[in-house]
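Here is the naming used below: chain letters follow the sequence lines, and residue numbers restart at 1 for every chain.
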Amino acid sequence: MPDYNGSETEKKWQARWKEQKLYETNLAQPARPKYYNVTMFPYPSGDALHVGHWYNYSPVDTWGRVMRMRGFEVFQPMGFDSFGLPAENYAIKTGVHPAETTRANIDKMKEQIAAIGGMFDLSLNVETSSPEYYKWTQWVFLQLYKKGLAYRKEAPVNWCPTDQTVLANEQVEDGKCERCKTEVVQKNLRQWFFAITKYADQLLDYEGLDWPEKTVLMQQHWIGRKEGINIDYKVKGKDMGVVVFTTRPETNFGATFVVISPEHAQVAALTTAEHKQAVDDYLKETKKKSELERQMTDRKKTGVFTGSYAINDLTGYEMPIYVADYVLMGFGTGIVVGVPGHDLRDFEFAEAMGNIEIIRVIKGPNGEMDAITKAEQVQEDEGEIINSEILNGLKPREAISKMMDYMESRGFGKRVVNFRLRDWLVSRQRYWGAPIPIINCEKCGEVPVPEKDLPVVHPHIEDYVPKGTSPLATSEAFVNTACPTCGGAAKREVDTMDTFVCSSWYFLRYPDAGNTEAAWDKKRVDTWMPVDMYIGGPEHACMHLLYARFIHRVMHDLGHVSAKEPFKKLVHQGMVTKDGAKMSKSRGNVVSPDSFVAKYGSDVFRMYLMFMGPFTEGGDWSDRGITGVARFVERFYRMMTQDEKQAAGAAPLRGVGEGMDGLVHQTVARASEAIDKMNFNVAIAALMELTNEALQKPLNGAQKEMIVRLIAPLAPHLAEEVWEKLGHKESVFNESWPKADPKFLVQTSVTYGVQVNGKLRGTVELAADASKEDALAAARAVENVAKYLEAGIVKEIFVPGKIIGFVVKA
RNA sequence: GCACUCGUGGCGGAAUGGUAGACGCGCACGGUUCAGAACCGUGUCCGCUUACGCGGGUGGAGGUUCAAGUCCUCUCGAGUGCACCA
């Protein structure tokens, strides 16, 4: 009996699939119901595919194959996120131009993906750094621009004074440049933004989406919708006011101070001559600190008095106004009202300042009013309002809206909704990205590049190491151009786009990747969108997945796509570890797939990755563990190719196939169910059990065919080989997904556990349709059970198919 | 600090509230072999017992239930996310 030769067999089938164009999708007009199966595309770094990619792609392919066998026309494309920092950094490190390294890496990765033997369509050439693609990324930018969703404003960046370059947050370590260790400073640049905040409310609508609850929760928090009220306070002795935002106005009778953010424009006007020096010093101190440092100072509150007072209309209280860096300019109004009796940060600030009065307006559940010595006692959600005139006796939650009504009716304030989400900064002062399609003309100002002139070709520049401005600025041929409006001399925008822009629409390009007339044909995209299954890492929960939803909704509003949401079902894969630790180059524990694929074949490798643990939870790689799956493949092949005479034991216990129908159908049912839940490990375990059994009691032809179809999505090459050996000419992937026949799932007998006072005391085998009386009688008769029943039965339990139980006197 | 997820043999992990440890790795013994590898078979939670069995057992402490790995409360530990969001 010949052994199964994985590598040989896999080559043979991969060639045959290609030749027969087995996985080609009819994109214009799917013959069967469509199924759009997408995995987050990789960026081609210099390190090629690692185990993590395989861990991700194998189940994606398995899932796609299952859906194909379930009668869907499956579209399973793959592209490359080839602009961006990793490629640029790799190029800087190696001294080879990013265009070259990117090309080489994509080719290498394509080879590797082909070696998986998946249904992935690599022929689409969706590569974000190619002009055929970024032409349309620029088009997307212009759509947003036209809608007023792309705009410019000043914004701070991390700046390294030594390298004269802008740093991404991830290039800053402890406030220092990761390369030269120079202190990083903040610098303001005029930059491009997408107004994602205009879609904040819409993005909170997750209707119809089958997403992990956790991801939705994270996005909701990221968007951070807060309903509150902007309260207007007059400033004592000045012809001005300050506006504060609060969500808890019901505590306003306890407000004793106001804090303004150091960046706020009103600081100067509020500062009196007497306090100018102190405030100026404080502002100078703050400016020195980078954003990171300000965050690191953690809880120690600092601040200075401006000399001005805001008047609380409710009480007439004159609230001193302070400048303090714990108040953020970017949220609310940049000014906060301090209620030290009932807000932890306000309490800490009051303590730090020393001379701020603390008034309590909520009686805690314990009623302890005087003991405000500890911070924990400050924040109260429960309790009863006191010292607050109109609100006295109310619960804080009820008091909120009453207070808002009251303030609005008196003109003290106005209800507002604020979001934590900020607009998306999309410009980068980097080389390896899509140029922003804008021209700056002295006469006409900011002019969008006409769509007919796209793409704005990314210039080839030899010195692409980042300088003060974008490297694109060094190419005169690129920068100098004619104004599309007046025809006069003008300069191109030199910033490039954040790669998240490129990756926020690629799934719209796949179905119509060759289109040179438009980013996509609406009809074509409507045929395939939304993505039915989107699989990728959980680290993209807030950025990529939110940006993609935003862009997609904008495209929807502009009438370019019909679906509202891009991703119907979302699944995150877990992480592969080695000896419990995250794989990383610095630890030196990175497992490369290639050698294992060469040794065991792709089927074994991918099945082991799926067998390691539940897909969504990840697993720990073990060089030894893979041998278990390798053995299983051998055994499976043997089981499938043996006839009754070759059964491993002596003569088969029963005739070929006889009696195995139950197990076969049960295995189909169990494995299908497990695969639906993405618990591939359990599905494989079920197949192993069946194989162990079937080596002793051979299967008949029909049973074998059922099992081959079942294993096909998990081990496609192996399945094809066996399918052919069983006498078939057509691919097994043109067959349907096996369905368990309920007739064979009906058990004729059940082994019941018998519990006495919750402890297992014996088992009894009964007919599946045994009556309660018969079951209890049989259970009582079990010798070991009987002796415990002597104490006297209090209660009898019979759960059909599950358990028999007795409760006896203690 | 806050939020979420997860704690089950030597290891990876199974288990719609119903016989905990499926399946695999490893290990032990036996077979096959000149020998080894590979392969095949048997065993493998812990303690006591020749055995039938008995007792304990899913990070820890309580609770609900005839019955808890699973549900609830507290607690300890690990991982992930967010970082003063008023």
B/G57 pairs with, by Watson-Crick or G-U criteria that keep both distances under 3.5 Å: none

Among B/C4, B/A67, B/A14, the nucleotide that comes nearest once only the side chain of A/Gln755 is considered: B/A67

May I ask you to verify if any side-chain N or O of A/Arg624 is less than 4.0 angstrom from the OP1 or OP2 atom of B/C11? no

d(CZ, A/Phe680; P, B/A22) in whole Å: 23 Å

Let's see if you can work this out: which of B/C54, B/A15, B/U19 has an atom nearest to the side-chain heavy atoms of A/Val682? B/A15

Given B/C54, B/G24, B/C82, which nucleotide is nearest the side-chain atoms of A/Asn784? B/C54

B/A86 OP1/OP2 closer than 4.0 Å to side-chain N/O of A/Lys226: yes

Tell me yes or no: between the side chains of A/Glu357 and A/Thr256, is some donor less than 3.5 Å from an acceptor? no

If you take all heavy atoms of A/Asp313 and A/Asp232, which pair is closest and at what distance? OD2-O, 3.8 Å

Is any side-chain N or O of A/Gln696 closer than 4.0 Å to OP1 or OP2 of B/G41? yes

Quick one: A/Met543 CE to B/G81 C1', roughly how many Å, whole number? 13 Å

From the options B/G53, B/G13, B/A20, select the nucleotide whose nearest atom is closest to the side chain of A/Leu760. B/A20

Mind calculating the distance between CD (A/Glu783) and C1' (B/C54) to the nearest angstrom? 15 Å

Is the base of B/G59 syn or anti, where syn means the angle lies within 90° of 0? anti

Does B/C23 have OP1 or OP2 under 4.0 Å away from a side-chain N or O of A/Asn692? no

Any idea which of B/C25, B/G53, B/G18 is nearest the A/Thr627 side chain? B/C25

When you compare the side chains of A/Thr577 and A/Asp620, does any donor N or O come within less than 3.5 Å of an acceptor on the partner? yes

Could you let me know what B/G79 is paired to, Watson-Crick or G-U wobble, both distances under 3.5 Å, or none if it's on its own? B/C4

Write down the distance between CD (A/Glu765) and C1' (B/U19), rounded to a whole number of angstrom. 13 Å

Look through every strand shown and name the nucleotide pairing with B/A51 as Watson-Crick or G-U wobble, where both distances are under 3.5 Å. none

Phosphate-side-chain proximity, A/Tyr326 and B/A83, N/O vs OP1/OP2 below 4.0 Å: no

Can you tell me which nucleotide in B/A86, B/G18, B/A14 comes closest to the side chain of A/Ile803? B/G18

For A/Arg761 and B/G55, is the shortest distance between a side-chain N/O and OP1 or OP2 below 4.0 Å? yes

For residues A/Tyr55 and A/Phe615, establish whether the separation of their ring centroids is below 6.0 Å. yes

Hey, is the side chain of A/Lys759 poking within less than 4.0 Å of OP1 or OP2 on B/G56, counting only N and O atoms? yes

Among B/C54, B/C66, B/A22, the one nearest A/Glu689 by side-chain distance: B/A22

Base-pairing mate for B/A20 - Watson-Crick or G-U, with both contacts under 3.5 Å: none

Phosphate contact (B/C39 OP1 or OP2) by A/Arg638 side-chain N/O below 4.0 Å: no

Do you see a donor-acceptor pair shorter than 3.5 Å between the side chains of A/Tyr600 and A/Thr627? no

For A/Glu227, is there an ion pair with A/Arg415 - N to carboxylate O distance below 4.0 angstrom? no

If B/A37 has a Watson-Crick or G-U wobble mate with both distances under 3.5 Å, name it; if not, just say none. none

Please name the nucleotide paired to B/G43 by Watson-Crick or G-U wobble geometry with both distances under 3.5 Å, or report none. B/C27

